[in-house]
Amino acid sequence: MKQDLGRAIALLAFSLVSCGSAGEAPAPEPSPVAEATPMPLPSPEPPAPVTPEQRAEAATLRQEGLALRNQEDIEGAIAPLKAAVELEPDNISGYVLLGWTEHLAGLRSAAATTLQAALRQHPDDIPALNALGIVYLVDGSLEQAVETHTRAVDLDPENKIAHYNLSLAYQRLGDFEAAIARATRATELEPGNPHPWVALAIAHASAGETEAAIAAYQQAIQVDARYGNASHLPFLEQAGFSADQIEAAAAVRAQS
């Protein structure tokens with residue numbers, strides 16, 4: 001069960017940059033209701049020991065939350081995942097799973113608080129850093145996204161998620177040289193994913209390097225032919241692209 005849960009958490013952390021996610025139905029719109037109450041930060045006092053019974057119950061709750069999330073009941077998945085964290089507050093993977101699910105539900109403030117709570121306990125937890133960096137990126141907190149993903153790259157230079165999202169953040173910040181460098185590294189680490197190629201294309205285009213932009217976009221089409229159609233470009237939002245970046249991708253596609 002632990003191995004299945006670990007794989008599920010890893011897949012969630014990769015969902016914004018995976019090839020498969022681009023072809024699925026768009027992610028659910030943020031809930032119109034008020035954001036859920038964020039997870040409290042860990043107490044400075046040493047936590048009470050977690051009993052084996054509590055760990056077993058928390059594992060069951062995480063499985064329940066994952067099942068609901070897989071059934072696209074994103075909001076319904078939050079309650080059992082939050083209960084699991086409360087039962088087993090020293091399980092960092094539980095925080096990451098909850099925080100990512102809150103992010104998918106559009107509850108970005110709650111997601112950031114949950115993931116920050118994880119990092120207070122384990123500052124070097126790469127899945128938590130990756131997830132928090134994505135939350136910051138999508139929320140438009142670009143400097144925080146850069147800081148968080150840079151920390152993740154420092155810990156793991158082959159962290160493809162961090163390189164890719166750093167490219168998107170740097171492009172929006174106007175640092176096109178850094179955006180190109182990060183996207184290039186992301187394509188080296190994950191050449192079979194079209195999203196880093198599109199990120200590289202818009203980074204080159206922003207720098208005025210039209211031929212390089214077209215070449216990168218053509219590589220994205222070679223990896224995934226759907227990106228040859230303008231109708232598929234809105235799915236880039238699920239991959240962390242902003243509205244302006246999707247427009248930039250459309251402009252490069254039109255020249256390709």
Side-chain angles (χ1 to χ4, degrees), residues 13-19 21-22 108 112 123-124 126-224 227-228 230 232-256:
F14 277 84
S15 66
L16 276 182
V17 296
S18 67
C19 297
S21 65
R108 296 191 187 104
D124 294 343
I126 290 176
L129 287 166
N130 282 343
L132 181 59
I134 293 170
V135 171
Y136 285 145
L137 176 67
V138 174
D139 195 49
S141 302
L142 301 178
E143 296 288 354
Q144 290 170 296
V146 167
E147 179 181 357
T148 304
H149 279 308
T150 298
R151 174 63 179 157
V153 166
D154 288 343
L155 291 167
D156 178 9
E158 295 189 357
N159 186 334
K160 55 191 175 185
I161 295 175
H163 283 292
Y164 165 74
N165 285 291
L166 279 168
S167 176
L168 294 179
Y170 278 127
Q171 192 274 341
R172 291 172 66 180
L173 287 167
D175 188 344
F176 306 134
E177 182 177 352
I180 291 168
R182 294 296 186 175
T184 298
R185 185 61 181 138
T187 63
E188 293 169 351
L189 291 169
E190 196 174 18
N193 186 341
H195 300 148
W197 291 107
V198 178
L200 180 59
I202 67 169
H204 278 304
S206 299
E209 301 170 358
T210 303
E211 290 185 6
I214 293 172
Y217 198 90
Q218 287 176 338
Q219 186 62 41
I221 294 174
Q222 183 174 333
V223 171
D224 188 337
Y227 283 98
H232 192 69
L233 295 184
F235 286 107
L236 287 171
E237 182 180 3
Q238 294 176 249
F241 282 66
S242 69
D244 287 344
Q245 288 175 326
I246 293 174
E247 289 184 11
V252 178
R253 187 207 67 81
Q255 300 176 72
S256 299

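Among V138, V198, L137, L233, the one residue that satisfies the side chain to side chain contact (heavy atoms under 4.5 Å, CB included) test with F241 is V198. A side-chain hydrogen bond (donor to acceptor under 3.5 Å, both in side chains) with H163 is found for one member of R182, E188, E190 and no other, namely R182.
Using a 4.5 Å heavy-atom cutoff, the side chains of L236 and Q245 are not in contact. Residues Y227 and H195 have side chains in contact (heavy-atom distance under 4.5 Å, counting atoms from C-beta outward). The shortest distance between side-chain heavy atoms of Q219 and L200 does not fall below 4.5 Å.
Distance check, rounded to the nearest 0.5 Å: CD of Q255 to OH of Y217 gives 11.5 Å. One finds the CD1 atom of I202 at 11.5 Å from the CD atom of E247 (value rounded to the nearest 0.5 Å). Between Y164 atom OH and I134 atom CD1 the span is 9.0 Å, to the nearest 0.5 Å. Going from atom CZ of R185 over to atom CG of L166 covers 13.0 Å, rounded to the nearest 0.5 Å. Atoms CD1 and CG, on I126 and L155 in that order, are 5.0 Å from each other to the nearest 0.5 Å. The CZ atom of R108 lies 6.0 Å from the CG atom of D139; values are rounded to the nearest 0.5 Å.
Minimum heavy-atom separation, A152 to N159: CB-ND2, 3.6 Å. Shortest non-hydrogen contact noted between G133 and A145 is O-CB, 3.8 Å. For L132 against A112, the heavy-atom pair with the smallest separation is CD1-CA, 3.8 Å. Across all their heavy atoms, A213 and A201 have their closest contact at CB-O, 3.2 Å. R172 and G140 get closest at one heavy-atom pair: NH2-CA, 3.8 Å. In plain terms, the two heavy atoms of A162 and N130 that are nearest each other are CB-OD1, 4.1 Å.
Heavy-atom contacts from other residues, nucleotides or ligands closer than 6.0 Å to CD of E147 number 12 or fewer.
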Problem - Verdict with supporting geometry, V146 and L142, side-chain contact (heavy atoms from CB on, under 4.5 Å) - result: CA-CA 6 Å; V146 167; L142 301 178; 5.5 Å; no

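With hydrogens and angles disregarded, no donor-acceptor distance shorter than 3.5 Å links the side chain of Q171 to the backbone of S206. W197 places no side-chain N or O within donor-acceptor distance of the main-chain N or O of Q218, the cut-off being under 3.5 Å.
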